[in-house]
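Quick notes on the structure that follows.
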2 protein chains.
Amino acid sequence: MVSMSRANLGDFEHLVLLAVMRLGDAAYGLAVRGEIERRTDRTVSTGAVYSTLDRLEHKRFVRSSIEQGTVARDNRLRRRYEILPAGRDAVNAAQSDIRAMSRGLILHKGVR
Amino acid sequence: MVSMSRANLGDFEHLVLLAVMRLGDAAYGLAVRGEIERRTDRTVSTGAVYSTLDRLEHKRFVRSSIEQGTVARDNRLRRRYEILPAGRDAVNAAQSDIRAMSRGLILHKGVR
DNA sequence: TTGACATATTCTACAATGTAGTACTATTAT
DNA sequence: ATAATAGTACTACATTGTAGAATATGTCAA
């Protein structure tokens, strides 16, 4: 295995990448925000999402393009994001580090 | 369930807390560093560990005390860290957010 | 048609975290 | 003595996290 440079992922970046992956086609800014807010315990500002997406794009973890809104739903134009291989790798690396550190540990002590 | 303020954890803070938990008695700065380096793919500087531990202590996620080295092993004095309930909660919250976002997703696409 | 509302993005600014590196102290080995 | 090792503290800067305001466009009702 050829090891490479270890571009780490911040915790919020991690969640944003996961949201982009799960949303597929529908991965644009506000949808990412909604996905994170619905699934997690967090409150997310729009600014947080957009600047994070922007940074992830600079790192080539995602790419984006302007989508001319499908007339079917509405006609607004949005910027749609798509995960790139390096983004997937980063997610896997982040999760594998956490797993490696958690393996065998008892979390939840005393939490009912 | 009484929800509370959501103190988030940075990605490195997360790993440091896990290291403190697994090390138990032996959780002092350099040991934390070693534990993370051995188990993950990362390179960790001493500065990174100490300032993170310090910040975690300010947030009351861990507490520390100076241990007068057990003569048995050696006689150096070290600062030993111990996880606090809020620290445990933060780890659980971080992992549960990641799980919630990952649930049902296929990671590893095409990685052999 | 306008104006209220909703959806969407961009930009600015600042706070919180991540990280390297150096300095310092004590102990152990040569 | 002096070098090596183990340990901590501190300084400084880079990267990420986050809020909020500004802007634009589309829809709907009056």
Side-chain angles (χ1 to χ4, degrees), chain A residues 5-17 19 23 26-37 40 42-59 61-62 64-81 90 93-94 97, chain B residues 5-17 19 23 26-37 40 42-59 61-62 64-81 90 93-94 97:
Chain A
S5 51
R6 285 291 323 181
N8 292 329
L9 224 47
D11 60 303
F12 189 62
E13 290 181 321
H14 188 166
L15 299 180
V16 168
L17 283 180
L23 287 165
Y28 57 95
L30 285 191
V32 165
R33 177 197 193 189
E35 189 74 2
I36 297 175
E37 287 204 325
T40 72
R42 299 188 176 209
T43 290
V44 177
S45 68
T46 67
V49 174
Y50 286 105
S51 55
T52 299
L53 282 169
D54 198 56
R55 287 164 186 165
L56 290 171
E57 188 165 23
H58 274 87
K59 298 196 214 168
F61 285 179
V62 299
S64 76
S65 52
I66 301 266
E67 158 203 20
Q68 191 54 260
T70 35
V71 186
R73 294 196 63 78
D74 56 28
N75 216 31
R76 272 177 235 94
L77 80 180
R78 327 151 142 171
R79 179 172 295 275
R80 177 191 289 171
Y81 289 86
D97 284 351
Chain B
S5 52
R6 285 290 324 178
N8 291 330
L9 224 46
D11 59 304
F12 190 62
E13 291 181 321
H14 188 168
L15 299 180
V16 167
L17 283 179
L23 287 164
Y28 58 95
L30 285 191
V32 165
R33 178 199 191 188
E35 188 74 1
I36 297 175
E37 287 205 326
T40 72
R42 299 189 176 208
T43 290
V44 177
S45 67
T46 66
V49 173
Y50 286 106
S51 55
T52 299
L53 282 168
D54 199 56
R55 287 163 186 166
L56 290 171
E57 188 166 23
H58 274 88
K59 296 196 217 168
F61 286 177
V62 298
S64 76
S65 51
I66 300 266
E67 157 204 20
Q68 192 54 260
T70 35
V71 186
R73 294 196 62 79
D74 56 27
N75 216 30
R76 271 178 237 93
L77 80 179
R78 330 151 140 170
R79 180 172 294 274
R80 178 189 287 170
Y81 289 87
D97 284 351

Would you say the side chain of Phe61(B) lies within less than 4.5 Å of the side chain of Leu17(B), judging by non-hydrogen atoms? yes
Just to be sure I understand the rule, does Arg42(B) reach a base, reach only the sugar-phosphate, or reach nothing, if contact means heavy atoms closer than 4.0 Å? sugar-phosphate
Can you see if the side chain of Ser45(A) gets near the phosphate of dA19(D) - specifically, an N or O under 4.0 Å from OP1 or OP2? yes
note: Asp54(A), atom CG; dA8(C), atom C1'; distance rounded to Å ~ 15 Å
Establish, with yes or no, whether the OP1 or OP2 oxygen of dT16(D) is under 4.0 angstrom from a side-chain nitrogen or oxygen of Asn8(B). no
By side-chain contact (heavy atoms from CB on, under 4.5 Å), which residues pair with Ala31(A), not counting sequence neighbours? Leu23(A), Tyr28(A)
Round to a whole Å and report the spacing from CZ of Phe12(B) to P of dA20(C). 8 Å
So, using side chain to side chain donor-acceptor pair (under 3.5 Å) as the criterion, who are the partners of Arg42(A) when residues are at least two apart? Asp11(A), Asp97(B)
Rounded to whole angstroms, how far apart are CG on Leu56(B) and C1' on dT19(C)? 15 Å
Give every pair of a protein N or O atom and an N or O atom of nucleotides 10-14 of chain C that lie under 3.5 Å apart, one pair per line with the distance.
{"from": "dT10(C)", "atom 1": "OP1", "to": "Arg79(A)", "atom 2": "NE", "distance (Å)": "3.2"}
{"from": "dT10(C)", "atom 1": "OP1", "to": "Arg79(A)", "atom 2": "NH2", "distance (Å)": "3.4"}

For residues 43-53 of chain A, the side chain to side chain donor-acceptor pair (under 3.5 Å) pairs (sequence neighbours left out) are none
Atom-to-atom span, CG of Leu15(A) to P of dT16(D) - whole angstrom: 15 Å
Whole-Å gap separating C1' (dA14(D)) and NE2 (His58(A)): 16 Å
What is the distance, rounded to the nearest whole Å, between atom CZ of Phe61(B) and atom P of dA16(C)? 13 Å
Check whether any side-chain nitrogen or oxygen of Tyr28(B) sits under 4.0 Å from OP1 or OP2 of dG7(D), and answer yes or no. yes
Can you name the side chain to side chain donor-acceptor pair (under 3.5 Å) partners of Asp54(B), sequence neighbours left out? none
Taken to the nearest whole Å, CZ/Arg80(B) to P/dG7(D) is 12 Å
The reported gap from CG in Leu15(A) to CD in Glu35(A) (rounded to nearest 0.5 angstrom) is 11.0 Å
In whole angstroms, how far is the P atom of dA24(D) from the CG atom of Leu77(A)? 13 Å
Between Lys59(B) and dA16(C), is there a contact of a side-chain N or O with OP1 or OP2 at under 4.0 Å? no
Hits for salt bridge (Lys or Arg N to Asp or Glu O under 4.0 Å) against Arg79(B), two or more places apart or cross-chain, chain-then-number order -> none
Nearest to side-chain heavy atoms of Arg78(B), which nucleotide of dG17(D), dG7(D), dG18(C): dG7(D)
Between Asp11(B) and Gly29(A), who's closer to the 5' end of DNA chain C by nearest nucleotide? Gly29(A)
